[in-house]
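Just so we're clear, the structure is a prediction, and the values are computed from it rather than from any experiment.
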Amino acid sequence: MTLTLAALLARNVADEREIFAREAQYAADLMKQIADNPESAVVGGDLARLSQRVTELVRRAATIKASAEAVELMNVDSNPQEER
């Protein structure tokens with residue numbers, strides 16, 4: 001069962017990394033839009049959205065890291081003869 005759980009968690013990590021990459025690209029595009037139009041009347045709202053995106057990216061990055069470490073530990077536990 002541990003291998004199945006590890007495989008499921010590994011797939012979840014891969015999915016989260018894909019989502020992270022898309023959201024990071026969106027944040028980069030938004031940052032470029034703000035930089036290109038600093039006098040725009042909507043910059044305040046854009047900055048708030050960018051701040052929210054960055055906060056979400058930080059949360060997602062922490063989740064990915066913790067999940068990837070869990071997968072690594074599950075794989076080590078299931079193969080005790082292998083070294084880290």
Give a yes or no on whether a salt bridge exists between Arg59 and Glu56, defined as a side-chain N under 4.0 angstrom from a carboxylate O. yes
Exercise: identify the closest heavy-atom pair between Ala24 and Leu57: N-CD2, 3.7 Å
Is Ser51 reaching over with its side chain to a backbone N or O of Leu47, donor-acceptor style, under 3.5 angstrom? no
Side chain to side chain contact (heavy atoms under 4.5 Å, CB included) involving Ala68 - partner list, sequence neighbours excluded: Val13, Arg17
Indicate the atoms forming the closest heavy-atom contact of Ile64 with Phe20, along with that distance. CD1-CB, 3.9 Å
dist Met31:CE -> Arg53:CZ (nearest 0.5 Å) comes out at 13.0 Å
What salt bridge (charged side-chain N to carboxylate O under 4.0 Å, His left out) pairs are there with at least one residue in residues 20-31, not counting sequence neighbours? Glu23-Arg60
Heavy-atom nearest pair, Asn75 first then Ala6, reads OD1-CB, 3.8 Å
Ser67 side, atom OG; Glu72 side, atom CD - distance, nearest 0.5 Å: 13.0 Å
Pro38 versus Val43, closest heavy-atom pair with distance: O-CG2, 3.6 Å
Separation of Glu69 CD from Leu9 CG (nearest 0.5 Å): 11.5 Å
Minimum heavy-atom distance Leu50-Leu30, with the two atoms named: N-CD2, 3.6 Å
same_hphob_cluster(Val54, Ile19) at 4.5 Å side-chain heavy-atom cutoff: no
From CD (Gln33) to CG (Asp46), nearest 0.5 Å: 5.0 Å
